[in-house]
A.B. asks: 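Structure below; questions to follow.
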Amino acid sequence: MSIYRNVVWFMKGLQEYTKSGYEAAATRFAPGDMDVNLSGRSFMITGGNSGIGKSAALEIASRGGTVHMVCRNKERAEAAKTDIIEHSKNQNVHVHVVDMSRARQVWEFAQRFTQNNNLHVLINNAGCMVNQRELTGEGLEKNFATNTLGTYILTTALIPALKTAEDPRVITVSSGGMLVQKLNVDDLQFEKGTFDGTMAYAQNKRQQVILTERWASQHKEIHFSSMHPGWADTPDRKAVATHLPLAFSRSTPQEEEKLQATLEQLADKFKP
């Protein structure tokens, strides 16, 4: 990428991914846009028991939507459910205990869910940032397994159900942190070189955005979007440096196709 483009994108980062960017965007926020009735619509939120996920679950429940919280820890999930019901006065809040880092478990959950429930909106919010390279019981690097493969499997498995719903949507909570990483399809599980949890997370977030773009082009009946939530005060973000080198180079269509094909092959390996 040219020096000119690097400067342009660097300025964009300063304008949009900082506190001042948030404050500028806030001046254009219209509170009335939030006055919607979500009765009759079903939402699934991964990582819905804390942070951004819980806040989203509460706002949806407060507007009458049915909420399906997909969480790893049953105790924390049930506590969050109780809190959301108490504040929203909406009893249609449900807990599903699923570890998003366990590929087979994600497949099995999605298959069970679609047999008994409808779904209008999937919010891919769950994520992790493990700073030491760890493998799951299935032999997968944990950040990749949770942030990329788990998201890929759940979304892929639910697409047929979403296509039967009115105005279906998939929203993936990515991160501006993706801008510090170029897509690397040749080392998806960080087996080469020195492991860095922050960079692994950033790579996963770039992968999520690329997958979202590909899904949007392949499944036009569904509205797909990815978003940067800002520097929210969540546990993962507290460990992240706020000044990072930016990498704005665009991945090639061949790299993006390889990413999706590799994930498809890997996901099929764990399909029940």
Side-chain angles (χ1 to χ4, degrees), residues 42-61 67-81 83-84 93-110 112-113 117 119 121-131 134 136-138 140-159 162 169-178 197-198 200-209 211-212 215 224-230 232-240 263 266-267 270:
S42 175
F43 297 75
M44 180 184 292
I45 306 175
T46 64
N49 63 283
S50 65
I52 295 169
K54 183 182 177 184
S55 294
L58 175 59
E59 294 299 326
I60 291 167
V67 176
H68 294 276
M69 300 165 55
V70 176
C71 308
R72 183 178 59 182
N73 184 289
K74 180 175 176 60
E75 183 177 342
R76 290 201 295 265
E78 291 291 350
K81 171 185 172 180
D83 191 43
I84 291 168
V93 181
H94 310 278
V95 166
H96 307 272
V97 179
V98 183
D99 186 340
M100 290 297 294
S101 73
R102 297 176 60 182
R104 186 174 296 275
Q105 189 178 118
V106 177
W107 272 122
E108 292 172 346
F109 160 68
R112 290 194 308 271
F113 181 87
N117 303 276
L119 184 66
V121 181
L122 168 63
I123 302 176
N124 289 313
N125 166 74
C128 71
M129 187 188 301
V130 180
N131 289 314
E134 296 181 19
T136 67
E138 294 170 326
L140 302 169
E141 192 279 319
K142 195 165 188 178
N143 292 292
F144 168 78
T146 304
N147 301 329
T148 299
L149 186 61
T151 297
Y152 175 84
I153 291 174
L154 185 63
T155 305
T156 300
L158 293 176
I159 281 175
L162 285 163
R169 296 170 179 263
V170 176
I171 303 166
T172 298
V173 181
S174 186
S175 171
M178 65 170 270
T198 302
Y201 177 85
Q203 177 70 206
N204 296 158
K205 292 300 171 179
R206 182 171 284 278
Q207 292 161 4
Q208 288 179 345
V209 171
L211 287 172
T212 298
W215 283 326
F224 287 89
S225 58
S226 56
M227 49 84 77
H228 169 65
D233 187 18
T234 59
D236 284 349
R237 302 307 180 276
K238 291 177 181 179
V240 180
L263 290 174
L266 192 55
F270 296 100

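Note that these values count all heavy atoms, side chains included, but never hydrogens, waters or copies made by symmetry.
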A.B. asks: With heavy-atom distances below 4.5 Å as the criterion, would you say the side chains of S225 and T212 are in contact?
C.D. replies: no

A.B. asks: To check you understand the geometry: which heavy-atom pair defines the closest contact between L162 and V121, and what is its length?
C.D. replies: CD2-N, 4.1 Å

A.B. asks: Kindly give the heavy-atom pair with the smallest separation between M129 and T198, and that separation in Å.
C.D. replies: SD-OG1, 4.0 Å

A.B. asks: Take a 6.0 Å sphere around CZ of R76 and say whether it holds more than 12 heavy atoms from other residues, nucleotides or ligands.
C.D. replies: no

A.B. asks: What is the distance from atom CD of E141 to atom CG of L149, rounded to the nearest 0.5 Å?
C.D. replies: 11.5 Å

A.B. asks: Out of curiosity, M100 CE to C71 SG, how far, rounded to the nearest 0.5 Å?
C.D. replies: 11.0 Å

A.B. asks: When you look at Q207 and N204, which way does the side-chain contact (heavy atoms from CB on, under 4.5 Å) test go after all the steps?
C.D. replies: CA-CA 5 Å; Q207 292 161 4; N204 296 158; 3.5 Å; yes

A.B. asks: To the nearest 0.5 Å, how far apart are CZ in F43 and CG in L119?
C.D. replies: 9.0 Å

A.B. asks: What's the shortest heavy-atom distance between A267 and W107, and which atoms?
C.D. replies: O-NE1, 2.9 Å

A.B. asks: Could you list the residues that satisfy side chain to side chain donor-acceptor pair (under 3.5 Å) with E78, not counting sequence neighbours?
C.D. replies: K74

A.B. asks: Using a 4.5 Å cut-off on heavy atoms from C-beta on, say whether the side chain of L154 contacts that of F113.
C.D. replies: no

A.B. asks: Could you go step by step and tell me if I45 and I60 meet the side-chain contact (heavy atoms from CB on, under 4.5 Å) rule?
C.D. replies: CA-CA 10 Å; I45 306 175; I60 291 167; 3.9 Å; yes

A.B. asks: Under the side-chain contact (heavy atoms from CB on, under 4.5 Å) rule, what do L211 and L263 come out as? Steps first, then yes or no, please.
C.D. replies: CA-CA 10 Å; L211 287 172; L263 290 174; 3.6 Å; yes

A.B. asks: Given 3.5 Å as the limit, does a donor-acceptor pair link the side chain of E134 with the main chain of K142, or not?
C.D. replies: no

A.B. asks: Atom OH in Y152, atom OG1 in T156: separation rounded to 0.5 Å?
C.D. replies: 4.0 Å

A.B. asks: Got a donor-acceptor contact below 3.5 angstrom from the K205 side chain to the V173 backbone?
C.D. replies: yes

A.B. asks: Is a side-chain donor or acceptor of N143 paired with a backbone partner of Y201 at a separation under 3.5 angstrom?
C.D. replies: no

A.B. asks: Is any side-chain heavy atom of T136 closer than 4.5 Å to a side-chain heavy atom of R102?
C.D. replies: no

A.B. asks: With rounding to the nearest 0.5 angstrom, report the CD to CZ distance, Q105 to R72.
C.D. replies: 11.0 Å

A.B. asks: What verdict does the side chain to side chain donor-acceptor pair (under 3.5 Å) test give for Q208 and T172, after you've listed the backbone C-alpha separation in whole Å, the side-chain angles of each residue and the deciding distance to 0.1 Å?
C.D. replies: CA-CA 7 Å; Q208 288 179 345; T172 298; over 6 Å; no

A.B. asks: List the atom of A80, the atom of M69, and the distance in Å for their closest heavy-atom pair.
C.D. replies: CB-CE, 3.8 Å

A.B. asks: Apply side-chain contact (heavy atoms from CB on, under 4.5 Å) to M44 and N117, showing your working.
C.D. replies: CA-CA 11 Å; M44 180 184 292; N117 303 276; over 6 Å; no

A.B. asks: Return the minimal non-hydrogen interatomic distance between A103 and E138, and the atom names on each side.
C.D. replies: N-OE1, 2.7 Å

A.B. asks: Can you name the one residue among T155, T151, T46 that meets side chain to side chain donor-acceptor pair (under 3.5 Å) with N124?
C.D. replies: T155

A.B. asks: Ignoring hydrogens, what is the shortest heavy-atom contact between A110 and A157? Give both atom names and the distance.
C.D. replies: CB-CB, 3.5 Å

